[in-house]
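These notes concern the structure reproduced below.
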Amino acid sequence: MGALENFTYYLKVERSMSPNTVAAYSSDLASFLQWFGADPATADSDSVAGFLASVKVSGRSQARMQSSLRSFFSWMVMEGEMDINPCDALDSPKLGRYLPSVLSVEEVEAIIDSVDVSCFSGVRDRAILEILYGCGLRVSEASSIRISDIWFGDSFVRIVGKGNKERIVPLGEEAADAVRAYLQIRPQPASAEFDDTLFLNRRGGRLSRISIFKMVRKQALAAGVTKDISPHTFRHSFATHMIENGADLRIVQEMLGHESILTTEIYTHIDTSTWQRSVLEHHPEK
């Protein structure tokens with residue numbers, strides 16, 4: 001196997017990184033190797049800097065690419081293929097604070113209400129939207145929920161998040177009702193593999209993340225919401241609305257499954273930016 005295949009295997013097996021992270025790192029490395037066109041063991045800091053300068057992407061994407069290459073060359077050093085990591089001589093890109101797009105409560109309700117629940121897919125899609133927003137889940141978490149993970153009587157759902165870490169998330173009444181309605185018309189699983197999978201497609205297989213992405217954007221258009229949104233926008237909106245309504249930051253951290261509270265603090269910045277914009281728009285001296 002070549003360097004790319006060996007590095008990918010290392011990320012999957014030895015580092016136990018998530019499939020999404022492995023795919024991103026592997027893609028970044030493949031782009032560099034194609035651009036470099038030589039034995040990666042001969043690369044130096046100028047090579048890496050030249051590649052990063054040639055890629056026309058956002059600062060955040062460039063920072064991720066640099067992180068991918070830093071990990072790759074660290075692996076090369078560990079394997080004895082190189083003496084030093086060429087990324088050590090590079091400065092990390094300066095990034096501003098990222099403020100994700102957030103929906104208002106009215107926009108969330110409009111998107112959920114836009115779903116046509118007269119058909120199977122509509123009942124399922126409404127349940128997915130209620131879960132995404134009501135529980136603040138990542139799309140991968142929502143698509144992976146098992147029926148046995150839901151305790152309707154105790155009003156909570158067990159979530160397996162990043163790094164296979166488990167957490168318990170409260171299940172609100174509206175989300176619970178939507179899931180119950182879906183379970184009544186849930187299709188027959190295509191095989192025993194999907195017997196416990198909550199959200200199925202029409203063929204009885206697991207509903208993919210891509211399908212959920214497409215559904216969210218379709219329903220946003222149907223509701224007249226023109227913001228560029230994704231399933232993750234419901235998670236951002238959930239956290240922001242919780243904090244706006246006075247929820248403790250630690251509680252929001254636990255519900256979102258953030259390892260560090262510093263990650264959760266971004267939602268206090270969103271709240272502040274919203275407040276600041278409102279003040280400036282209505283200032284008497286405007």
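Please read these numbers as outputs of a predicted model, since none were measured by experiment. The first residue in the sequence is number 1, and the count goes up from there.
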Shortest non-hydrogen separation from [X] to [Y] and the atoms involved:
{"X": "Ser208", "Y": "Ser211", "result": "OG-OG, 2.9 Å"}
{"X": "Pro86", "Y": "Ser45", "result": "O-CB, 3.3 Å"}
{"X": "Gln66", "Y": "Cys87", "result": "O-SG, 4.3 Å"}

Working for side-chain contact (heavy atoms from CB on, under 4.5 Å), residues Leu256 and Val169: CA-CA 9 Å; Leu256 295 179; Val169 177; over 6 Å; no
Run the ring-centre check on Phe72 versus Phe32 and record whether the distance is less than 6.0 Å.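 Centroid distance Phe72-Phe32: not below 6.0 Å, so no.
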Decide yes or no on side-chain contact (heavy atoms from CB on, under 4.5 Å) for Phe36 and Thr42, but give the supporting numbers first. CA-CA 10 Å; Phe36 187 56; Thr42 64; 3.6 Å; yes
Is any side-chain heavy atom of [X] less than 4.5 Å from a side-chain heavy atom of [Y]?
{"X": "Ile111", "Y": "Ile229", "result": "yes"}
{"X": "Pro187", "Y": "Arg202", "result": "no"}
{"X": "Glu130", "Y": "Val179", "result": "no"}
{"X": "Leu103", "Y": "Tyr133", "result": "no"}
{"X": "Val48", "Y": "Phe73", "result": "yes"}
{"X": "Phe194", "Y": "Leu200", "result": "yes"}
{"X": "Ile159", "Y": "Lys165", "result": "no"}
{"X": "Arg124", "Y": "Ile128", "result": "yes"}

So, [X] side chain and [Y] main chain: donor-acceptor pair closer than 3.5 Å or not?
{"X": "Ser155", "Y": "Trp151", "result": "no"}
{"X": "Arg235", "Y": "Gly136", "result": "yes"}
{"X": "Ser27", "Y": "Ala24", "result": "no"}
{"X": "Gln184", "Y": "Ala181", "result": "no"}
{"X": "Ser143", "Y": "Ser140", "result": "yes"}

Rounded to the nearest 0.5 Å, what separates atom [atom1] in [X] from atom [atom2] in [Y]?
{"X": "Ser61", "Y": "Leu52", "atom1": "OG", "atom2": "CG", "result": "11.5 Å"}
{"X": "Ile150", "Y": "Phe152", "atom1": "CD1", "atom2": "CZ", "result": "4.5 Å"}
{"X": "Ser144", "Y": "Phe199", "atom1": "OG", "atom2": "CZ", "result": "11.0 Å"}
{"X": "Leu198", "Y": "Arg206", "atom1": "CG", "atom2": "CZ", "result": "10.5 Å"}
{"X": "Leu137", "Y": "Ile145", "atom1": "CG", "atom2": "CD1", "result": "5.5 Å"}
{"X": "Ser121", "Y": "Met215", "atom1": "OG", "atom2": "CE", "result": "9.5 Å"}

Distance-only donor-acceptor check, side chains [X] and [Y], under 3.5 Å:
{"X": "Asp44", "Y": "Ser47", "value": "yes"}
{"X": "Tyr25", "Y": "Thr8", "value": "no"}
{"X": "Asn20", "Y": "Ser18", "value": "no"}
{"X": "Ser74", "Y": "Ser71", "value": "no"}

Glu254 with Arg167: basic N within carboxylate O range, under 4.0 Å: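 The answer is no: the pair does not qualify as a salt bridge.
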Salt-bridge test for Glu107 and Lys227: reply yes if a basic N is under 4.0 Å from a carboxylate O, no otherwise.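 Result for this pair is yes, salt bridge flagged.
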Examine [X] and [Y] and state if one hydrophobic cluster contains both, with Ile, Leu, Val, Met, Phe, Trp and Tyr joined whenever side-chain heavy atoms are less than 4.5 Å apart.
{"X": "Val216", "Y": "Leu221", "value": "no"}
{"X": "Met17", "Y": "Val160", "value": "no"}
{"X": "Leu90", "Y": "Leu29", "value": "yes"}
{"X": "Leu183", "Y": "Val123", "value": "yes"}
{"X": "Met82", "Y": "Ile84", "value": "no"}

Got a sec: does the CD of Glu174 have more than 12 other heavy atoms crowding it under 6.0 Å?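 Count not over threshold, so no.
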For atom CG of Asp248, decide whether the heavy atoms of other residues, nucleotides or ligands shown that lie under 6.0 angstrom number more than 12.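 More than 12 heavy atoms, drawn from other residues, nucleotides or ligands, come within 6.0 Å of this atom.
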Given Phe51 and Ser31, is the side-chain contact (heavy atoms from CB on, under 4.5 Å) satisfied, shown in steps? CA-CA 9 Å; Phe51 166 70; Ser31 296; 4.0 Å; yes
side-chain contact (heavy atoms from CB on, under 4.5 Å), that's the test. Do Phe7 and Lys12 meet it? Break it down for me. CA-CA 9 Å; Phe7 178 62; Lys12 288 179 180 177; over 6 Å; no
